[in-house]
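Computed from heavy atoms alone, side chains included, the values below leave out hydrogens, waters and symmetry copies. Note that this is a predicted model, so its numbers are computed, not measured.
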Amino acid sequence: MKVAVIGMGYVGIPEAVLFTTIPWVQKVYGIQRRSKTSGYKIDLLNSGELPFDEPELEPILRQSVKNKTFECTDDYSKMSDCEIIVVAVQTPVTGGGCVTMKDGTYISKPLLDAIDTIFSSKNMSICEQLIVITSTVAPGTTDRIHERIKQSCAPYTVVHAPERITPKHLVENIQKYPRVIGGYDEESITKVKELYSAIGVKEFVTMTPTEAEITKTSENGMRAVQIAMANQIAEICERTGANFYKVKEGIDSLQGEGITRAMLLPGAGVGGHCLTKDGYLLVSAMDMRDRDRSLFITATTINNSMPNRMWELTKDACKSAGVDINGLNITLFGWSYLKNSSDTRNSPAVAYKEIAERNGCNVYVYDPICKMGKSFKRACESDAFVVVTDHDEFASIFATIHNLRSKKGKPLIFIDGRCVVDPLNFDRNKWVFRGIGRGDVI
Ligand code: SAJ
């Protein structure tokens, strides 16, 4: 059997490479358009290298390139003799990534383009083909594709099997998490189960395609709501002189039968490619008049406001320190959106830096994982230290940073966006501390 995977990203690459380990799969084509931003991946992957850090996957890729079971190509016609086509393109909701249909629902532009190429005559196969949509899509998307198949009498069936991966643990996530499969018939569902069982997936949850779309967009929409709750409770703590982490300890003590509370953590913001968009995809199935008041949109708005909250804390600290914010030298610890990751998609650090520079500050970004800021010495020479990403490798810095002293006779400033230090370690004559959720320390 031959398999094509469209979209060589965080989802498509690991799945395509793992498919090459299946004995009954002779060839896997990684289909990647030669776009400005991602076209480079074609030659990179064909040379046996990954565009991201995933140690477990690299040797499998090299082996599959060597034995020619994997080939990355921009030639979509290679799909025509593939029995299964997996669509793993990104589904952004901003920057023109989304098409709003007549009924107000969304369909991702990259997904639409991928489907159009599958349906185009030069790529259409004569044999029955199974299309597996693994991208996260708005409710109703798979039905739309199913309808198009029926109208065009194309030899396709379609299934939605959304991915559940997070950067840094791609292979582990693919194999560890149950796979939701939304299909129209038992035969196609069984085929998808066979494919993913063969790469290590142990558990499946089957349902209709729309239920699968709502499952995936809800599980991330819910997480964004949970984080937004923590962020809003943290703001209430800051305004009332309370310590969020004591409140969390109190709420977490409410354990027991049926009494469940999942208090996540407030922070400098929510970045990444999942939580920042899946709520929008989910609510696109709501009546357009009701969307803006949806819980998921409100949560995303709260989370997107956190870099500004970090800026407000910076301003307040400067006022307390008697330091002019204009021209302030800031070291920004962290550039990626997620700890121990180099993934900067929608990173709150980018938003904070823009606000600070717009207000006359000089921002030095220090994030060795993102290869930003070469000099730790320079990082220590600022007037203010702002933490957006809590990389493990920063722990030793944060354990002793309170020993730094200003050379300008003014207090230094520390803005803690991830609860990485104990404020009590900071000499209040030499430092002004502000932290998300730390209304008790001003
Ligand atoms: N964050 C908080 N407070 C929290 C947890 C996270 O502010 O309590 C922030 C993080 O700093 C980051 C952002 O939210 O900026 C996203 O963090 P994340 O841990 O949710 O990581 P993601 O965006 O990679 O989310 C993915 C999702 N997985 C899939 O879509 C398959 C999500 O469903 C997972 O729950 C999450 O990974 C995970 O748990 O690792």
Side-chain angles (χ1 to χ4, degrees), residues 227 230-249 263-271 302-303 305-321 323 325 328-340 347-353 355-356 361 363-367 373 376 379-380 382-406 411-442:
I227 296 169
N231 284 331
Q232 198 150 78
I233 292 167
E235 182 170 6
I236 292 166
C237 290
E238 287 161 36
R239 297 169 64 88
T240 56
N243 175 351
F244 167 88
Y245 296 92
K246 292 306 286 179
V247 171
K248 175 171 167 48
E249 186 187 339
M263 176 61 86
L264 295 185
L265 298 174
V270 171
I302 291 168
N303 292 336
S305 73
M306 295 313 288
N308 202 58
R309 261 270 292 296
M310 289 288 284
W311 173 248
E312 291 304 317
L313 291 175
T314 311
K315 284 198 296 187
D316 185 52
C318 284
K319 201 163 143 222
S320 298
V323 167
I325 203 158
L328 184 73
N329 294 315
I330 296 173
T331 290
L332 191 57
F333 281 103
W335 193 237
S336 60
Y337 84 89
L338 193 63
K339 73 184 298 185
N340 306 333
S347 175
V350 177
Y352 177 86
K353 181 171 183 284
I355 298 168
C361 299
V363 180
Y364 181 79
V365 178
Y366 185 70
D367 185 334
F376 176 59
C380 292
S382 289
D383 314 310
F385 303 88
V386 177
V387 179
V388 173
T389 318
D390 46 345
H391 292 317
D392 290 341
E393 70 178 78
F394 286 158
S396 56
I397 299 171
F398 297 146
T400 57
I401 197 167
H402 56 272
N403 296 321
L404 283 180
R405 290 293 175 262
S406 163
L412 293 173
I413 287 165
F414 195 94
I415 309 295
D416 191 352
R418 295 284 178 209
C419 190
V420 290
V421 293
D422 179 350
L424 300 181
N425 291 340
F426 289 72
D427 176 339
R428 295 170 77 104
N429 298 315
K430 311 283 184 205
W431 286 86
V432 172
F433 172 92
R434 291 292 182 275
I436 294 283
R438 295 308 304 268
D440 58 320
V441 188
I442 51 170

Asker: Is there a side-chain contact (heavy atoms from CB on, under 4.5 Å) between Leu332 and Tyr364 once you walk through the steps?
Answerer: CA-CA 6 Å; Leu332 191 57; Tyr364 181 79; over 6 Å; no
Asker: State, to 0.1 Å, how close Leu328 and Cys318 come at their nearest heavy-atom pair, and which atoms those are.
Answerer: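 The pair with the smallest heavy-atom distance is CD2-SG, 3.7 Å.
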Asker: Treating Asn425 as the side-chain partner and His402 as the backbone partner, does any N or O pair qualify as donor plus acceptor under 3.5 Å?
Answerer: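 Answer holds: no.
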Asker: Please answer whether the main-chain N or O of Asn329 pairs with a side-chain N or O of Asp383 as donor and acceptor at a distance below 3.5 Å.
Answerer: yes
Asker: If only side-chain N and O atoms count, and only distance matters, is there a donor-acceptor pair under 3.5 Å linking Asp367 with His391?
Answerer: yes
Asker: Other residues, nucleotides and ligands only: do more than 12 of their heavy atoms fall within 6.0 Å of CZ on Arg428?
Answerer: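 No, not enclosed.
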Asker: Compare every heavy atom of Trp311 with every heavy atom of Cys361, then report the nearest pair and how far apart it is.
Answerer: SG-CH2, 3.6 Å
Asker: Would you call Arg309-Glu312 a salt bridge at under 4.0 Å N-O?
Answerer: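 So Arg309 does not pair with Glu312 through a salt bridge.
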Asker: To check you understand the geometry: which heavy-atom pair defines the closest contact between Ser382 and Thr331, and what is its length?
Answerer: OG-OG1, 2.6 Å
Asker: Quick one: do Arg438 and Asp440 make a salt bridge, cutoff under 4.0 Å?
Answerer: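 So Arg438 pairs with Asp440 through a salt bridge.
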Asker: When you measure from the side chain of Lys353 to the backbone of Val365, do you find a donor-acceptor pair of N or O atoms at a distance under 3.5 Å?
Answerer: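 Side chain of Lys353 to backbone of Val365: no pair is present.
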Asker: Could you tell me whether Asp316 and Arg434 make a salt bridge, using a distance below 4.0 angstrom between a side-chain N and a carboxylate O?
Answerer: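 A salt bridge links Asp316 with Arg434.
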Asker: Kindly give the heavy-atom pair with the smallest separation between Val432 and Pro411, and that separation in Å.
Answerer: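 For Val432 and Pro411, the tightest heavy-atom pair comes out as CG2-CB, 4.1 Å.
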Asker: Please work out whether the ring planes of Phe333 and Tyr366 are parallel, tilted or perpendicular, with thresholds of 30° and 60°.
Answerer: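 Answer is perpendicular, since the angle exceeds 60°.
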Asker: Could you check whether the rings of Phe414 and Phe398 sit parallel, tilted or perpendicular, using 30° and 60° as the cut-offs?
Answerer: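 Answer is perpendicular, since the angle exceeds 60°.
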Asker: For Asn340 and Asp392, indicate whether the former's side chain and the latter's backbone hold a donor-acceptor pair under 3.5 Å.
Answerer: yes
Asker: So Ile436 and Leu313, do their side chains get closer than 4.5 Å, heavy atoms only?
Answerer: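 Touching, per the 4.5 Å side-chain cut-off.
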Asker: Less than 4.5 Å apart, any side-chain heavy atom of Leu412 and any of Leu404?
Answerer: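 Side-chain contact under 4.5 Å: yes.
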Asker: I'd like to check Tyr352 versus Thr314 (side-chain heavy atoms, cut-off strictly below 4.5 Å). Are they in contact?
Answerer: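 Answer yes - side chains close enough.
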